[in-house]
Colleague: 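Take this structure first; my questions come after.
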Amino acid sequence: MLGVLLALGVIGLVTSTGFTCIVLWAVPGYLRERRLALQQLEARPGFTPPLSLLKPLHGAEPELEAHLETFFLQDYPEYEILFCTRDQADEGLQTARRVAHRHPNIQARFMWTGGEPDYINAKVASLEKMEAVAAHQILVVSDSDVRVTPDYLRAVALPFAEAKVGAMCCVYRGVAATHGKSGPGLWSRLEAVGMSVEMTAGVLAARAMEGMQFVLGPTMAFRRGVIRQMGGFKVTADYCADDFVLGNETHKLGQKVALSHHAIDHIVINSSMMASLKHQVRWMKSTRFSRPAGHFATSLSFSVPFGLLAWAAAASLGHPGWGLGLFSWSVATRLALALAVGRLAVADKSWFALLVLYPLRDLMGFGFWAASYFGSRILWRGRVFQLLAGGKMRAAK
């Protein structure tokens with residue numbers, strides 16, 4: 001039995017090392033694309049078509065006002081911001097009004113869907129309402145828990161200079177929200193480094209192997225004609241992973257999905273252990289139902305769990321030195337990913353998170369993956385849903 005466990009650990013190290021090699025091969029190409037994009041952005045005025053920015057909101061979130069303000073401070077000639085909630089009295093909408101009042105030069109509109117929407121995914125009702133009144137032909141969808149720099153919209157618009165691009169998205173780095181004077185907690189920092197490294201590494205590997213067939217939810221942009229050709233935002237009405245569906249439908253229409261050179265801040269607002277764990281398991285479950293084969297293969301991309309298994313098995317067989325070497329190799333591959341992806345690709349500046357927390361997050365990630373196979377229910381925005389085959393969901397009974 002110990003021999004079988006050792007073999008399993010070694011096989012896992014081989015597959016995770018292969019995954020690391022794919023990502024490390026992809027990073028230099030991504031960085032070359034970034035240099036080219038930055039050169040193009042230096043030309044002024046450059047490519048700056050008018051944009052409609054769609055911001056669905058739901059209640060108050062930590063530092064929401066500061067995050068929303070970054071969208072009003074864009075170095076961009078013509079854009080509008082549309083906000084939508086379920087209820088007119090929503091705290092998030094009131095926060096958006098306060099921010100907009102300080103920036104009267106930016107056109108902002110406020111709307112609400114009115115109570116519980118007809119769709120399982122309530123966000124879709126907001127997107128549909130905003131799209132119907134948007135003034136421009138490029139729609140930028142941005143989550144409420146992101147923070148951007150003044151060059152954000154120029155970066156978002158740039159891929160659409162290519163006529164065959166129907167959609168784009170941005171990679172993101174996780175940033176743990178500050179709760180009170182104590183600063184970010186351990187659990188939010190662990191979740192954040194997973195966003196910076198694990199998520200981006202998976203995106204770069206998928207693009208290298210099969211091209212971009214999806215978009216990432218924190219920022220995704222589409223040509224309006226593409227959205228209407230696929231049947232509108234309502235095509236995602238019953239899905240949890242609406243970003244995956246929208247990107248995949250764009251790909252099926254023969255349109256190119258572009259991955260931007262620009263990285264944004266994705267704010268991790270889950271400060272407690274249970275909130276963070278539930279959020280990450282929910283995301284894993286969503287992926288399991290949306291892309292079952294790819295999700296199963298994800299287990300082979302983790303390294304530290306297999307390194308620990310190999311170390312324990314080798315030590316039990318009387319070869320502790322070999323076991324320690326195998327474990328050290330597993331950690332080394334994670335540090336390589338942390339530096340190449342976390343530091344170079346998304347510019348995460350937290351050395352402690354990249355070099356100390358990420359190997360631990362890799363071990364936790366395998367746990368989240370395993371947990372995704374226990375049950376099909378998720379808690380989302382205070383409601384319990386059951387995930388179905390293909391990524392759809394329904395209200396739990």
Side-chain angles (χ1 to χ4, degrees), residues 54-58 84-86 113 116-132 139-146 166-170 172 195 199 202-203 206 210 212-224 226-253 255 257 266 278-298 368-369 371-397:
L54 315 185
K55 294 284 290 185
L57 300 174
H58 182 76
C84 190
T85 60
R86 296 186 200 178
T113 58
E116 287 296 322
D118 296 330
Y119 302 145
I120 291 294
N121 187 337
K123 173 184 173 182
V124 175
S126 292
L127 292 175
E128 194 172 47
K129 191 175 185 77
M130 289 185 284
E131 187 275 330
L139 309 174
V140 184
V141 181
S142 173
D143 283 348
S144 58
D145 54 357
V146 301
M168 65 77 63
C169 61
C170 294
Y172 49 87
M195 290 180 176
M199 170 61 76
V203 170
E210 61 183 16
M212 289 294 294
Q213 300 182 20
F214 55 90
V215 293
L216 305 173
T219 278
M220 50 186 178
F222 305 88
R223 295 189 192 275
R224 191 181 215 152
V226 170
I227 291 294
R228 292 190 171 180
Q229 190 177 352
M230 69 176 67
F233 285 112
K234 67 180 179 182
V235 299
T236 66
D238 297 328
Y239 289 87
C240 177
D242 50 86
D243 51 353
F244 172 78
V245 173
L246 290 170
N248 198 242
E249 289 296 316
T250 301
H251 171 73
K252 290 177 181 178
L253 290 173
Q255 297 288 312
V257 178
H266 192 326
K278 287 179 179 179
H279 178 257
Q280 293 176 84
V281 171
R282 187 194 82 197
W283 180 83
M284 279 286 190
K285 283 186 177 182
S286 172
T287 306
R288 169 195 157 199
F289 281 88
S290 297
R291 301 181 66 192
H295 179 69
F296 181 79
T298 298
F368 297 140
W369 174 85
S372 72
Y373 287 93
F374 290 88
S376 59
R377 293 192 173 197
I378 60 171
L379 177 65
W380 190 20
R381 296 290 191 183
R383 299 178 63 192
V384 179
F385 298 95
Q386 182 177 7
L387 292 169
L388 307 173
K392 288 188 174 183
M393 61 183 180
R394 66 185 177 195
K397 297 180 180 179

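The residues of the chain are indexed from 1 along the displayed sequence.
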Colleague: List the atom of Ile120, the atom of Met393, and the distance in Å for their closest heavy-atom pair.
Modeller: CG2-CG, 3.5 Å
Colleague: Please report the closest heavy-atom contact between Ile378 and Cys240, naming both atoms and the distance.
Modeller: CD1-SG, 3.9 Å
Colleague: Of the non-hydrogen atoms in Ser142 and Thr219, which two are nearest, and what is the gap between them?
Modeller: OG-OG1, 4.1 Å
Colleague: Going by ring-ring contact (aromatic ring centres under 6.0 Å, His included), name the residues that satisfy it together with Phe296, two or more places apart in sequence or in a different chain.
Modeller: none
Colleague: Mind checking the CZ-CG spacing from Arg223 to Leu139? Nearest 0.5 Å is all I need.
Modeller: 11.0 Å
Colleague: At their closest point, which heavy atom of Phe222 faces which heavy atom of Ala167, and how far apart are they?
Modeller: CD2-CB, 3.4 Å
Colleague: Does the pair Val257 and Gln213 meet the rule for a side-chain contact (heavy atoms from CB on, under 4.5 Å), with working shown?
Modeller: CA-CA 7 Å; Val257 178; Gln213 300 182 20; over 6 Å; no
Colleague: List for me each residue that meets side-chain hydrogen bond (donor to acceptor under 3.5 Å, both in side chains) alongside His251, sequence neighbours excluded, and say none if there are none.
Modeller: none
Colleague: For the CE atom of Met168 and the CG atom of Leu216, what is their distance to the nearest 0.5 Å?
Modeller: 9.5 Å
Colleague: How would you list all residue pairs meeting side chain to side chain donor-acceptor pair (under 3.5 Å) that involve residues 226-238, not counting sequence neighbours?
Modeller: Glu131-Arg228
Colleague: Please tell me if the side chains of Met220 and Leu246 come closer than 4.5 Å, counting only heavy atoms from C-beta onward.
Modeller: yes
Colleague: Check the pair Met130 / Phe233 against side-chain contact (heavy atoms from CB on, under 4.5 Å), numbers first and verdict last.
Modeller: CA-CA 10 Å; Met130 289 185 284; Phe233 285 112; over 6 Å; no
Colleague: How many angstroms lie between OH in Tyr373 and CE in Met284, if you round to the nearest 0.5 Å?
Modeller: 9.5 Å
Colleague: Any side-chain heavy atom of Arg86 within less than 4.5 Å of one from Ser126?
Modeller: no
Colleague: Would you mind listing every side chain to side chain donor-acceptor pair (under 3.5 Å) that reaches into residues 280-289, with sequence neighbours excluded?
Modeller: Ser276-Gln280, Gln280-Arg361
Colleague: Distance from Ser376 atom OG to Leu388 atom CG, nearest 0.5 Å?
Modeller: 7.5 Å
Colleague: Going from CG on Leu127 to CD1 on Ile227, what distance comes out if it is rounded to the nearest 0.5 angstrom?
Modeller: 8.5 Å
Colleague: With sequence neighbours excluded, what pairs up with Lys55 under the salt bridge (Lys or Arg N to Asp or Glu O under 4.0 Å) test?
Modeller: none
Colleague: Apply side-chain hydrogen bond (donor to acceptor under 3.5 Å, both in side chains) to His279 and list each qualifying residue two or more places apart in sequence or on a separate chain.
Modeller: Glu191
Colleague: For Tyr172, what residues pass the ring-ring contact (aromatic ring centres under 6.0 Å, His included) criterion, not counting sequence neighbours?
Modeller: His266
Colleague: Can you see which heavy atom on Thr113 is nearest to which on Cys84, and at what distance?
Modeller: CG2-SG, 3.9 Å
Colleague: With sequence neighbours left out, what residues match Thr85 under side-chain hydrogen bond (donor to acceptor under 3.5 Å, both in side chains)?
Modeller: none
Colleague: Just checking, any donor-acceptor pair under 3.5 angstrom between side chains of Arg377 and Gln386?
Modeller: no
Colleague: Listed by chain and number, what are the salt bridge (Lys or Arg N to Asp or Glu O under 4.0 Å) partners of Arg291, not counting sequence neighbours?
Modeller: Glu210
Colleague: What orientation do Phe214 and Phe244 show, parallel under 30°, tilted 30 to 60°, or perpendicular over 60°?
Modeller: parallel
Colleague: Only counting residues at least two apart or in another chain, list the ones meeting side-chain hydrogen bond (donor to acceptor under 3.5 Å, both in side chains) with Thr250.
Modeller: none
Colleague: Checking the side chain of Asn121 only, and the main-chain atoms of Tyr239 only, is there a donor and an acceptor separated by less than 3.5 Å?
Modeller: yes
Colleague: Could you walk me through whether Asp143 and Lys123 satisfy the salt bridge (charged side-chain N to carboxylate O under 4.0 Å, His left out) test, starting with their C-alpha distance in whole Å, then the side-chain angles of each, then the deciding distance to 0.1 Å, before giving a yes or no?
Modeller: CA-CA 10 Å; Asp143 283 348; Lys123 173 184 173 182; 3.3 Å; yes
